[in-house]
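A short worksheet on the structure shown next.
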Amino acid sequence: WAAVVSTLERRAALLDGEAKVETIRRAAALCDGVASDPTAAARLYAAVLEATPGDSDAWSLRLAACERADDEPAMIAALDAFLAADAGDASARAAAAVQRIERTDGDEHEAVLRVAASILPSLTGARPLLDDEELVFVVTSGRLEVKEHAHAAAALVLPVARAYERWEE
């Protein structure tokens, strides 16, 4: 299967536009399936996402491939890219944010704030909080106690606290 994947990659290099993206997507699917190479699948889905950054399916498949590859740096990079791309629906974004926060050390306050900044500003009180959004809010609220990050944390949590009347946190 490696030869088929390699042929598809060489073919994609000769193509443009949608044909190129679909050829890379086929190579990724082969790696993800019969070739059992999640590392290559994650790399190829990343290439698909370079051309189609809003492709929710490709994001899901890339994150799943990184998870199966058991490549923590690649998973963190994929989660950060997903959150930065503002892709996916609220549930997928909140779940990715929680996964990213779970992958931080207890003292990675800046990473937590970066993740929170990709989720919390969209919470306006127009709908109930999802469980994962709630967790991001609570974890970020905990950063209010860290002197050097309190201002940034407050800027993120206070609008949410106001919108959802969550002053106790």
Side-chain angles (χ1 to χ4, degrees), residues 1-2 4-13 15-123 129-140 142-143 149 152-153 156 160:
W1 292 111
V4 174
V5 170
S6 178
T7 299
L8 286 170
E9 287 184 272
R10 285 194 308 275
R11 181 171 185 226
L15 299 170
D16 292 322
E18 189 62 28
K20 178 177 187 162
V21 172
E22 288 309 311
T23 302
I24 296 170
R25 191 184 310 272
R26 281 199 315 270
L30 276 174
C31 289
D32 217 8
V34 294
S36 296
D37 187 351
T39 301
R43 175 182 55 78
L44 290 164
Y45 284 124
V48 168
L49 291 164
E50 286 178 24
T52 58
D55 186 335
S56 296
D57 290 336
W59 279 114
S60 296
L61 292 165
R62 179 184 181 194
L63 292 169
C66 287
E67 187 78 35
R68 281 191 308 283
D70 198 26
D71 183 346
E72 194 66 13
M75 184 64 173
I76 288 171
L79 288 166
D80 286 344
F82 176 70
L83 292 168
D86 198 26
D89 63 12
S91 179
R93 293 182 53 68
V98 169
Q99 285 185 50
R100 180 59 179 98
I101 288 170
E102 288 172 346
R103 286 174 160 77
T104 62
D105 292 336
D107 62 347
E108 286 187 73
H109 302 295
E110 290 175 11
V112 170
L113 293 174
R114 197 171 46 253
V115 168
S118 70
I119 298 296
L120 296 182
S122 67
L123 305 178
L129 287 174
L130 300 170
D131 289 344
D132 288 336
E133 291 168 336
E134 171 94 16
L135 183 58
V136 172
F137 173 75
V138 170
V139 169
T140 307
R143 296 317 188 262
H149 298 289
L156 292 167
V160 177

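Sequence positions, counted from 1, serve as the residue numbers for this chain.
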Hey, mind stepping through Arg93 and Asp86 against side chain to side chain contact (heavy atoms under 4.5 Å, CB included) and telling me if it holds? CA-CA 8 Å; Arg93 293 182 53 68; Asp86 198 26; 3.3 Å; yes
With side chain to side chain contact (heavy atoms under 4.5 Å, CB included) as the test, would you mind laying out the steps for Arg143 and Leu156 before giving the verdict? CA-CA 10 Å; Arg143 296 317 188 262; Leu156 292 167; over 6 Å; no
With a cut-off of 6.0 Å (strictly less than), are more than 12 heavy atoms of other residues, nucleotides or ligands near CG of Asp70?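 No, CG of Asp70 has 12 or fewer neighbouring heavy atoms, counting only those of other groups under 6.0 Å.
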Arg11 atom CZ, neighbour heavy-atom count above 12 within 6.0 Å: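 Check fails, neighbour count at 12 or below.
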Closest contact, heavy atoms only, [X] versus [Y]:
X      : Y     : answer
Phe82  : Ala87 : CZ-O, 3.4 Å
Ala41  : Cys31 : N-CB, 3.7 Å
Ala58  : Asp55 : N-OD1, 3.0 Å
Leu63  : Ala78 : CD2-CB, 3.6 Å
Ile119 : Ala94 : CD1-N, 3.9 Å
Val115 : Ala97 : CG1-CB, 3.4 Å

What's the separation between atom [atom1] in [X] and atom [atom2] in [Y], rounded to the nearest 0.5 Å?
X      : Y      : atom1 : atom2 : result
Leu129 : Leu135 : CG    : CG    : 11.5 Å
Arg25  : Leu30  : CZ    : CG    : 13.5 Å
Leu44  : Arg62  : CG    : CZ    : 11.0 Å
His109 : Thr104 : NE2   : OG1   : 9.0 Å

Verdict with supporting geometry, Phe137 and Leu123, side chain to side chain contact (heavy atoms under 4.5 Å, CB included): CA-CA 10 Å; Phe137 173 75; Leu123 305 178; 5.6 Å; no
Take Arg114 and Ser118 through the side-chain hydrogen bond (donor to acceptor under 3.5 Å, both in side chains) test and state the conclusion after the steps. CA-CA 7 Å; Arg114 197 171 46 253; Ser118 70; over 6 Å; no
Looking at Arg103 and Glu67, does any basic side-chain N land under 4.0 Å from a carboxylate oxygen?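 Glu67 and Arg103: salt-bridged.
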Using side chain to side chain contact (heavy atoms under 4.5 Å, CB included), reason through Met75 and Asp71 one step at a time and then give a plain yes or no. CA-CA 6 Å; Met75 184 64 173; Asp71 183 346; over 6 Å; no
Would you indicate whether the side-chain heavy atoms of Tyr45 and Asp32 approach each other to under 4.5 Å?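 Side-chain contact under 4.5 Å: yes.
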Taking the side chain as C-beta and beyond, is there a heavy-atom pair between Asp80 and Ile76 under 4.5 Å? yes
So does Ala19 get a backbone contact from the side chain of Thr23, meaning a donor-acceptor N/O pair under 3.5 Å?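 Checking the backbone N and O of Ala19 against the side chain of Thr23, a donor-acceptor pair under 3.5 Å is found.
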Considering the options Leu49, Val48, Thr52, Leu79, which one meets the side chain to side chain contact (heavy atoms under 4.5 Å, CB included) requirement together with Trp59? Leu49
